[in-house]
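For reference, the structure is listed below as structure tokens.
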Amino acid sequence: MALFALFFVLPVIWLLLAPSKTADQVVHDWPLSFGSFSQIGHAWSHLISFQNHALLTWMRNSAIYSGGSLVLTLATSVPAGYALALTRFRGRTTLLVVTLISMIMPSATLVLPIFLEMNQFHLIGTIWSVILPFSFYPFGVYLVYIYFATSLPREIIAAARIDGCSEWQVFTRIALPLARPVVGLVAFFSFVGNWNNFFLPYLVLPNSDQFPVQVGLNQLLSSTPSFNPVAGAGLNITIPELALAIIVAILPVLVLFLFSQRSLVSGMLAGATKG
Amino acid sequence: MTLVAMDSATNAVPSRPSRRGAKPRWEGGIASYLFVAGYTVLLAAFGIFPTGYALYLAFTNDRGQFVGFNQFSKVAGDYRFLPAFENIAVYLALWLVMLVVMTVLTAVALRSWVRPGLSSLLRFLYYLPGALAGVASVLVWLFMLDPSVSPAGPLLRAIGQDSFAATLNPSHLPVILFLIAFWTGAGGWIVVMYGALNNISEDVLEAARMDGAGRWKTAWHIQIPMIRKWITYMSILAFAAGTQLFVEPQLLQTASLGRVSPTWSPNQLAYVYAFQQGDFNGAAAISIFLLVLGLVCAGVLVARSDLFKLEEQ
């Protein structure tokens, strides 16, 4: 068990320590030693000067893409999950089955077809080519559906209708206030998934100043002398800078992770009804 | 992977016929359509349309003429096609076996053999690397596999991996990809399996103890069978995701200075078709192969297991 824990933890500790050392120290000192705080500052200034603040631009892009699609995801999946759970309409079962299937299929499956589609409609290189596909989130719809189906008694809805509430009022006054836990859950999974997504933006965004940070990291990697002696020569991007870039890039997700172990379990276990 | 006898498959018979006659008590009228409209548009635009368009491209050529299965036979006959699927198969075999064995054993151990405080700390530690999924995990592991900087350097040297070039030998790729996937993914599944084990009632475990079952017997005969559907769920999701590998081999290819094949995985091959050969029809044909794989997994999971709730019971 302890060995197993080491396997998971050691890389994280190494990653957190690496930016405090010089490239030379990273190689020659004990791998888990701490360098100095001033060295972190040096690594940061090297990193920031890479392509004129590229890292900050990438972080901002990631925030726009993940944030924008999060808003659209919530705006579409919460009402859809609600309607699937608590109303009846023609095509409901079909919509549910298609949702289930697309939720289980890995998102990478559709990336190339989506690229071909974007290419056909000349959307390549626009922010919509990332935000719109990111906003399509069947798993979110399913989570909301399961939540409402299991925790909002239909009698309450029926009573509200008898009292003269319109469908819209039933949704906004009764369902939405109760939906807070599941909204958090959908937001967590959607944000983390989109923040870490690489494949789609890699295909549809050709310019470096549009990259989200994950694609940017790939570019940093190709600019590191240790991994690319030719293109990386003369640049200040060495192992400590790259490690620092990784930390910065995952920071938002890491913060969410620190507080969301419980969400993960309830989200995944909600993938199935208690049997 | 077998999907036999899901425990409550028998009582999950849909109650559709009884509903048809009676008017449902809960309706939404026209408003229902408005509620699902936004999502349906996204589903059509980024789920259904791209699938249909990829199918169209896969059955036509670059002048839009129908060519039957020519695109499929062309890509399947490509000398890089079979190796890409073989690579994935080797990786998947390793990944699935280890994932199932290790997550289940660890979850059982954490549930039954470890003090609750320590167990919760360990689960958190296992789970944390999940935050580094994607590009970050590959970069971290590039360092972990470089004997000159890795904290496991002595271990790497002890097994004969003296340099980064040696560790990143193309033949090691399935193992490397497995390590990365396990590091970022296993913790989350351990947490989920642990949650599922927690749902087993204490009475059942107590009864097993009364009957004289030890820890191993209880784990093997009671706990593991009772979380079987979770193991199936995990396996199918992991299998489906594993067939779609792109980022990890792509980055390793960059870092290996081209020694690793740029068409290591099927998705990479599709990428090369689209971006280097400009052959969108061929790329679409490969996507269709992968789509079918994903669809089969999803279909099996939805149709054969009772994991998903489609109708009110």
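Order of the sequence lines sets the chain letters (A, B, ...), proteins ahead of strands, with each chain counted from 1.
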Pick one of side chain, backbone, both or neither for Pro138(A), based on which atoms fall under 4.5 Å of a heavy atom in chain B. both

Can you check side-chain contact (heavy atoms from CB on, under 4.5 Å) on Leu221(A) and Leu142(B), steps first, answer last? CA-CA 10 Å; Leu221(A) 171 72; Leu142(B) 288 177; 3.7 Å; yes

Centroid separation under 6.0 Å, is that true for the rings of Phe280(B) and Phe115(A)? yes

Applying a strict 4.5 Å limit to non-hydrogen atoms, the region of Leu179(B) in contact with chain A is both

Please say whether more than 12 non-hydrogen atoms of neighbouring residues, nucleotides or ligands are located less than 6.0 Å from CH2 in Trp113(B). yes

If you tally heavy-atom pairs under 4.5 Å between each of Ala152(B), Ala186(B), Ala45(B) and chain A, the highest tally belongs to Ala45(B)

Turns out that what part of Val114(B) lies under 4.5 Å from chain A's heavy atoms comes down to side chain

From the list Ile247(A), Val12(A), Leu203(A), Asn119(A), the residue making the most non-hydrogen contacts under 4.5 Å with chain B is Leu203(A)

Looking only at heavy atoms and a cut-off of under 4.5 Å, which of Met118(A), Gln120(A), Glu117(A) has the most pairs with chain B? Glu117(A)

Region of Leu293(B) in contact with chain A, defined by heavy-atom distances below 4.5 Å: neither

Heavy atoms only: give me the nearest Gln214(A)-Ala136(B) pair and the separation to one decimal. OE1-N, 4.0 Å

Report the distance from atom CG of Leu290(B) to atom CE of Met105(A), rounding to the nearest 0.5 Å. 10.5 Å

Per-residue tally against chain A (heavy atom, under 4.5 Å) across Val149(B), Val41(B), Ile286(B), Ile288(B) peaks at Val149(B)

Using ring centroids (six-membered ring only for Trp), state whether Phe199(A) and Tyr271(B) fall under 6.0 Å. no

Between Trp30(A) (side chain) and Pro151(B) (backbone), is there a donor-acceptor pair under 3.5 Å? no

So which residue, Thr99(A), Asn197(A), Val78(A), Val111(A), ends up with the most heavy-atom pairs under 4.5 Å with chain B? Thr99(A)

dist Gln219(A):CD -> Thr254(B):OG1 (nearest 0.5 Å) comes out at 11.5 Å

Quick one: closest heavy-atom pair of Gln244(B) and Ala108(A), and the distance? CB-CB, 3.7 Å

Working for ring pair (Phe, Tyr, Trp, His ring centres under 6.0 Å), residues Phe275(B) and Tyr202(A): CA-CA 12 Å; Phe275(B) 285 81; Tyr202(A) 181 65; 7.7 Å; no

How far does CG of Leu251(B) sit from CZ of Phe198(A), to the nearest 0.5 angstrom? 5.0 Å

Ser150(B) portion near chain A, given a 4.5 angstrom heavy-atom threshold: backbone

Looking only at Ser107(A), Ala83(A), Ala5(A), Pro11(A), most heavy-atom pairs under 4.5 Å shared with chain B are made by Pro11(A)

Hey, which of Gly299(B), Gly153(B), Pro50(B), Ser148(B) has the most heavy atom pairs under 4.5 Å with chain A? Pro50(B)

Interchain contact, Ser102(A) with chain B, by part (heavy-atom threshold 4.5 Å): side chain

Name the region of Leu132(A), side chain, backbone, both or neither, that has any atom closer than 4.5 Å to a heavy atom of chain B. both

Shortest non-hydrogen contact between Leu112(A) and Ala270(B), atoms and distance: CD2-CB, 4.0 Å

Honestly, the part of Leu258(A) sitting under 4.5 Å from a heavy atom of chain B is both

For Thr76(A) and Gly38(B), which heavy atoms make the closest approach, and how far apart are they? CG2-C, 3.7 Å

Please work out which of the three classes, parallel, tilted or perpendicular, describes the rings of Phe89(A) and Tyr33(B), given edges at 30° and 60°. perpendicular

Rounded at 0.5 Å granularity, tell me how far CZ in Phe121(A) sits from OH in Tyr53(B). 7.5 Å

Okay, Leu254(A) and chain B: the region with an atom under 4.5 Å from a heavy atom over there is both

Test of ring centre spacing under 6.0 Å for Tyr126(B) and Phe4(A): yes

Flag side-chain contact, heavy atom, 4.5 Å: Phe7(A) against Phe182(B): yes

Leu43(B) side, atom CG; Leu95(A) side, atom CG - distance, nearest 0.5 Å: 6.5 Å

Checking Val192(A) against chain B: side chain, backbone, both or neither under 4.5 Å from a heavy atom? neither

Under 4.5 Å heavy-atom distance to chain B, tell me which part of Tyr82(A) shows up: side chain, backbone, both or neither. side chain

Could you report the tightest heavy-atom contact between Trp168(A) and Phe35(B), atom names first, then the distance? CE3-CE2, 3.7 Å

Can you list the steps and then say if Phe8(A) with Tyr127(B) is a ring pair (Phe, Tyr, Trp, His ring centres under 6.0 Å)? CA-CA 8 Å; Phe8(A) 283 100; Tyr127(B) 155 83; over 10 Å; no

Which atoms of Leu55(B) come close to chain A, meaning under 4.5 Å heavy atom to heavy atom: side chain ones, backbone ones, both, or neither? neither

Ile190(B) versus chain A, heavy atoms under 4.5 Å apart: side chain, backbone, both or neither? side chain

Counting heavy-atom pairs under 4.5 Å to chain A, which of Ala54(B), Ala31(B), Gly47(B) comes out on top? Gly47(B)

Could you measure the distance from the CG atom of Leu139(B) to the CD1 atom of Ile250(A)? Nearest 0.5 Å is fine. 11.0 Å

Most contact-rich option vs chain B, by heavy-atom pairs under 4.5 angstrom, among Val255(A), Leu32(A), Ile246(A), Leu110(A), is Ile246(A)

Out of Ala274(B), Gly134(B), Ala133(B), which one racks up the most heavy-atom pairs below 4.5 Å with chain A? Ala133(B)

What's the verdict on side-chain contact (heavy atoms from CB on, under 4.5 Å) for Leu242(A) and Phe143(B), showing C-alpha distance, side-chain angles and the deciding distance? CA-CA 10 Å; Leu242(A) 200 51; Phe143(B) 298 129; 3.7 Å; yes

Which one of Gly52(B), Cys297(B), Gly130(B) has the most heavy-atom pairs closer than 4.5 Å to chain A? Gly130(B)

